[in-house]
Amino acid sequence: QVQLVESGGGLVQAGDSLRLSCTAFGRSFSSYTMSWFRQAPVEERKFVAGINWNGDTTLYADDVKGRFAISRDNAKNTAFLQMNSLKPEDPAVYYCAALLRTVVVRGADDYEYWGQGTQVTVYS
């Protein structure tokens, strides 16, 4: 069992940066693929970025590639999402998710554990 707690969301201006954190409570954080998803009102939850257990593989959605960076610190049981050059289309509730597999996958249905979400709002 893994409990995930996100933090770092907020209200920022377009072009600014935010860093989201996802801290895991439970066993074997380093065994999990960690990913970030986001969900805007009346939209489906969408994959944003993922990182495998040791950080040597990352995967990004096309609309965040080059602006967002996912990382993890297994010693601190924490995954991060650095979001730069935020755009008006980035606002959503951002969720972290954990999957006990060695590969990064994009499907939300594959993930076993979810955080409660953190709101990101961008104004222009």
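Since we're looking at a predicted model, the values are computed, not measured. For the single chain, residues carry numbers from 1 onward in sequence order.
- Of all heavy-atom pairs between Trp36 and Cys22, the closest is CZ2-CB, 3.6 Å.
- Residues Tyr113 and Ile70 are members of one and the same hydrophobic cluster, defined by side-chain heavy-atom contacts under 4.5 angstrom among Ile, Leu, Val, Met, Phe, Trp and Tyr.
- Taken from OG in Ser35 to CD1 in Ile51, the straight-line distance is 9.0 Å, to the nearest 0.5 Å.
- Under the 4.5 Å side-chain heavy-atom criterion for grouping Ile, Leu, Val, Met, Phe, Trp and Tyr, Val122 is connected to Met83 within one hydrophobic cluster.
- Between Pro88 and Ala14 the shortest heavy-atom distance is CD-CB, 4.2 Å.
- Hydrophobic clustering, with ILVMFWY side chains joined whenever heavy atoms are under 4.5 angstrom apart, keeps Met34 apart from Val104.
- Of the possible polar contacts, one joining the Thr118 side chain to the Gly9 backbone as a donor-acceptor pair under 3.5 Å is found.
- Under the 4.5 Å side-chain heavy-atom criterion for grouping Ile, Leu, Val, Met, Phe, Trp and Tyr, Phe37 is not connected to Leu81 through any hydrophobic cluster.
- Side-chain atoms of Arg38 and Val93, non-hydrogen and from C-beta on, never get closer than 4.5 Å to each other.
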**Message:** Run the side chain to side chain contact (heavy atoms under 4.5 Å, CB included) test on Ser17 and Val12 for me, step by step, so that the C-alpha distance in whole Å, both residues' side-chain angles and the decisive distance to 0.1 Å come before the verdict.
**Reply:** CA-CA 8 Å; Ser17 299; Val12 295; over 6 Å; no
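- Trp114 and Val5 are assigned to two separate hydrophobic clusters, defined by single-linkage of ILVMFWY side chains at heavy-atom distances under 4.5 Å.
- Heavy atoms only, all atoms of each residue included: Ala98 and Leu4 are closest at N-CD1, 3.8 Å.
- With hydrogens and angles disregarded, a donor-acceptor distance shorter than 3.5 Å links the side chain of Glu6 to the backbone of Gly117.
- The number of heavy-atom neighbours closer than 6.0 Å to CD of Glu43, taken from other residues, nucleotides and ligands shown, is above 12.
- At least one test fails for Arg72 against the ring of Phe80: distance under 6.0 Å to the centre or angle within 45° of the axis.
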**Chi angles and distances behind the ring-ring contact (aromatic ring centres under 6.0 Å, His included) call for Trp53, Phe29** = CA-CA 8 Å; Trp53 68 279; Phe29 171 77; over 10 Å; no
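- Between the side chain of Gln13 and the backbone N or O of Ser124, no donor-acceptor pair lies under 3.5 Å.
- Using modelled atom types and a 3.5 Å distance limit, the side chains of Asn52 and Thr33 yield no donor-acceptor pair.
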**Prompt:** So Asp110 and Arg101, salt bridge (Lys or Arg N to Asp or Glu O under 4.0 Å) or not? Walk me through it.
**Reply:** CA-CA 10 Å; Asp110 292 309; Arg101 287 182 62 181; 5.0 Å; no
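- Looking at heavy atoms from C-beta onward, Leu18 lies in side-chain contact with Val120 at the 4.5 angstrom threshold.
- When the shell of 6.0 Å around CD of Glu89 is examined, it contains more than 12 heavy atoms from other residues, nucleotides or ligands.
- The aromatic rings of Phe68 and Tyr94 lie tilted to each other, with the angle between the two planes from 30° to 60°.
- Looking only at side-chain heavy atoms (C-beta outward), Thr23 and Phe25 come within less than 4.5 Å of each other.
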**Asked** Checking side chain to side chain contact (heavy atoms under 4.5 Å, CB included) for the pair Leu99/Tyr32: CA distance, chi angles, key distance, verdict?
**Response** CA-CA 5 Å; Leu99 170 64; Tyr32 287 83; 5.6 Å; no
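- Note on Lys46 versus Asp63: no salt bridge recorded, every NZ/NE/NH1/NH2 to OD/OE distance being 4.0 Å or above.
- With sequence neighbours excluded, the residues satisfying salt bridge (Lys or Arg N to Asp or Glu O under 4.0 Å) with Asp62 are Lys65.
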**side chain to side chain contact (heavy atoms under 4.5 Å, CB included) evaluation trace for Val105 with Tyr111** = CA-CA 9 Å; Val105 298; Tyr111 285 79; 3.7 Å; yes
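- Using a 4.5 Å heavy-atom threshold, the side chains of Leu59 and Phe47 count as touching.
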